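Only one structure is covered here, and it is reproduced in the block below.
All values reported here derive from a predicted model rather than from experimental measurement.
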Protein chains: 2
Amino acid sequence: MAVREAPVLVQPEVDACCAPLQATPLEAPEAAELARRFGALSDPVRLRLLSLLATSPDGAVCVCDLVEPVGKSQPTVSHHLKVLRDAGLVTSEKRGTNVWYAAVPAALAGLREALAG
Amino acid sequence: MAVREAPVLVQPEVDACCAPLQATPLEAPEAAELARRFGALSDPVRLRLLSLLATSPDGAVCVCDLVEPVGKSQPTVSHHLKVLRDAGLVTSEKRGTNVWYAAVPAALAGLREALAG
DNA sequence: ACGTAGTATCGACATGCGTCGATGGAATGA
DNA sequence: TCATTCCATCGACGCATGTCGATACTACGT
C-alpha cells in the first residue's frame, strides 16, 4: 500500500457488440454475446471492483489496493478481475511485481447503447 | 396464435437503484441490488424475450407468442419471464386465459444510468 | 358439467459459478 | 543466491441456475 505512481493504461479497441434491444428482435448469437457481457456485471464483487477502477482519480489501481476494499480473498479478487477483463470491461498492465487495472469506458458505453431506447 | 387485441399494460413505479459506477465506489448493498438486475440480463433467452417485448409494435406480447420464437419449452419461458418480472424489467397482465407481458422502459433506463459516464 | 387451451409451479437433473486454501511463477532487493 | 512480495492458477467444495417433463390451476366454450 506504499505510494506508487499509477501508469496510464492503453485503452483497447472495443467492438460494439449488439444493436439496441428495441431496434430489432435479438438473434441467438447476438444474445449470447450480450448475455456474456452482462454476466460480467451480475456479481456484486465485480461491480464494486469496476466501480473502484472507474472512480480512481489516477485511472488505474494496483491489485494490492483492491483486495481489502471488497473484503474477499486475493484469489477471489484475481478471479473476478479476470472475468471483467475477458468481458473487455477492464484492461491490465504489469509494472514490476504489481499489476494495474483500469476500466474501459468505451466498453461500458457499448453496453449502455444496447439498453438504449 | 389467432389475432388478439393487445392490451396496454400499466407501467409500474420504478425506483432508481444505484448511483453511476463512476460517481462513487459502490457499497455492498447497492452492488448486490445492481448485480441482481444485471443478472436478469445475463441470459440469452431472457435478452431475446426482452427484445421481443421491446420491439413489439403493440407494446405487449402474449406468452403463447413468445415460446416458439426463442425455441425453448413453455415452462422454461415461463421461468425466464418470472425472473425478468422479479427484476422489474417487465410487467404482466392476465387477459382471459392469456397472459400479456410488456417491457418497462424506465427500468432499462435506470440500468443505463448506472453505466453512465 | 365437462373438456380444452393457456400458464404457472413442481421435482429432478446437469451444469455453471463464487469462494477459499494451497501452490506456482515472476520480479525485486538483500 | 536466496528470501520476499505480488499476482495468477489449481483443486475442491457448496450453492445457484437453466432446462425439461409432469402436473396443477384457471378461464373459456360447448
Side-chain angles (χ1 to χ4, degrees), chain A residues 1-7 9 28 31-32 35-50 52-53 60-87 90-102, chain B residues 1-7 9 28 31-32 34-50 53 60-87 90-102:
Chain A
M1 251 256 320
V3 178
R4 284 174 300 273
E5 197 164 351
L9 304 204
R36 214 178 58 84
R37 304 192 186 191
F38 279 125
L41 298 177
S42 69
D43 180 273
V45 175
R46 285 196 289 271
L47 286 175
R48 297 187 69 190
L49 287 171
L50 189 56
L52 284 169
L53 298 180
V61 183
C62 172
V63 174
C64 59
D65 289 330
L66 289 171
V67 173
E68 183 271 337
V70 299
K72 295 294 177 182
S73 72
Q74 178 268 319
T76 296
V77 170
S78 185
H79 163 67
H80 285 305
L81 288 172
K82 175 177 171 55
V83 173
L84 287 171
R85 193 178 44 194
D86 288 347
V90 306
T91 327
S92 65
E93 187 179 315
K94 193 164 187 175
R95 205 84 161 193
T97 61
N98 299 322
V99 177
W100 297 79
Y101 278 81
Chain B
M1 253 254 322
V3 179
R4 285 174 299 273
E5 197 163 353
L9 305 203
L34 243 194
R36 215 179 57 85
R37 304 192 187 190
F38 279 125
L41 298 178
S42 68
D43 181 274
V45 175
R46 285 197 289 271
L47 285 176
R48 296 187 69 189
L49 288 171
L50 189 56
L53 298 180
V61 183
C62 171
V63 173
C64 59
D65 291 330
L66 290 171
V67 173
E68 182 271 336
V70 299
K72 295 293 176 182
S73 71
Q74 179 268 319
T76 294
V77 170
S78 185
H79 163 67
H80 285 305
L81 287 172
K82 176 178 171 55
V83 173
L84 287 171
R85 193 178 44 195
D86 289 347
V90 305
T91 327
S92 66
E93 188 179 316
K94 194 164 189 177
R95 205 84 159 193
T97 62
N98 299 323
V99 177
W100 296 79
Y101 279 80

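Looking at residues two or more places apart in sequence or on another chain, you find no side-chain contact (heavy atoms from CB on, under 4.5 Å) involving B:Glu68. Judged as a side-chain contact (heavy atoms from CB on, under 4.5 Å), and not counting sequence neighbours, B:Thr97 has no contacts.
With rounding to whole Å, B:Arg36 atom CZ is found 20 Å from C:dC17 atom P. To the nearest angstrom, C1' of D:dA16 lies 13 Å from CG of B:Asp43. For the pair B:Arg48 CZ and D:dT19 P, the interatomic distance rounds to 12 Å; values are reported in whole Å. Protein atom CD of B:Glu68 is 16 Å distant from nucleotide atom C1' of C:dG6, rounded to whole Å. Note: CG (A:Leu47) to P (C:dG18) measures 11 Å, nearest angstrom. Between the C1' atom of D:dA16 and the CZ atom of B:Phe38 lies a distance of 20 Å, rounded to the nearest Å.
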Handout entry: side-chain contact (heavy atoms from CB on, under 4.5 Å) between A:Leu66 and A:Leu81, worked out
Key = CA-CA 10 Å; A:Leu66 289 171; A:Leu81 288 172; 4.1 Å; yes

Handout entry: From CA spacing to verdict: side-chain contact (heavy atoms from CB on, under 4.5 Å), A:Val77, A:Val70
Key = CA-CA 8 Å; A:Val77 170; A:Val70 299; 3.7 Å; yes

Problem - Check against side-chain contact (heavy atoms from CB on, under 4.5 Å), B:Thr91 and B:Tyr101 - result: CA-CA 6 Å; B:Thr91 327; B:Tyr101 279 80; over 6 Å; no

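Between D:dA27 and B:Asn98, no contact under 4.0 Å exists linking OP1 or OP2 to a side-chain N or O. Contact check, B:Tyr101 against C:dA8: a side-chain N or O comes under 4.0 Å of OP1 or OP2.
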Please tabulate, for side-chain N and O atoms in residues 34-48 of chain B, each donor-acceptor pair with protein atoms closer than 3.5 Å (sequence neighbours left out).
{"from": "B:Arg37", "atom 1": "NE", "to": "B:Glu33", "atom 2": "OE2", "distance (Å)": "2.8"}
{"from": "B:Arg37", "atom 1": "NH1", "to": "B:Asp15", "atom 2": "O", "distance (Å)": "3.4"}
{"from": "B:Arg37", "atom 1": "NH2", "to": "B:Glu33", "atom 2": "OE2", "distance (Å)": "3.1"}
{"from": "B:Ser42", "atom 1": "OG", "to": "B:Gly39", "atom 2": "O", "distance (Å)": "2.6"}
{"from": "B:Asp43", "atom 1": "OD1", "to": "B:Val45", "atom 2": "N", "distance (Å)": "2.8"}
{"from": "B:Asp43", "atom 1": "OD1", "to": "B:Arg46", "atom 2": "N", "distance (Å)": "3.2"}
{"from": "B:Arg46", "atom 1": "NE", "to": "B:Ala40", "atom 2": "O", "distance (Å)": "2.9"}
{"from": "B:Arg46", "atom 1": "NH1", "to": "B:His80", "atom 2": "ND1", "distance (Å)": "3.0"}
{"from": "B:Arg46", "atom 1": "NH2", "to": "B:Gly39", "atom 2": "O", "distance (Å)": "3.2"}
{"from": "B:Arg48", "atom 1": "NE", "to": "A:Leu26", "atom 2": "O", "distance (Å)": "3.0"}
{"from": "B:Arg48", "atom 1": "NH2", "to": "B:Pro69", "atom 2": "O", "distance (Å)": "3.4"}

Exercise for the section: Sugar-phosphate means primed atoms, P, OP1 and OP2; the rest is base. With that split, encode nucleotides 20-30 of chain C 5' to 3' as B, S or - using protein heavy atoms under 4.0 Å. Expected result: BBB---SBS--

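For the contact set between residues 77-86 of chain A and DNA chain C, defined by any heavy atom under 4.0 Å, the members are A:His79, A:His80.
When the nucleotides C:dT7, D:dC7, D:dG18 are ranked by their closest atom to the side chain of A:Val99, D:dC7 comes out on top. Nearest to the side chain of A:Cys62, among D:dC7, C:dT7, C:dT19, sits D:dC7.
Atom-to-atom distance recorded for B:Cys62:SG and B:Arg95:CZ is 12.0 Å, nearest 0.5 angstrom. For the atom pair OG (B:Ser92) and CG (B:Leu84), the distance works out to 11.0 Å, reported to the nearest 0.5 Å.
Pairs engaging residues 72-85 of chain B under the salt bridge (charged side-chain N to carboxylate O under 4.0 Å, His left out) rule: B:Lys82-B:Asp86 [sequence neighbours left out].
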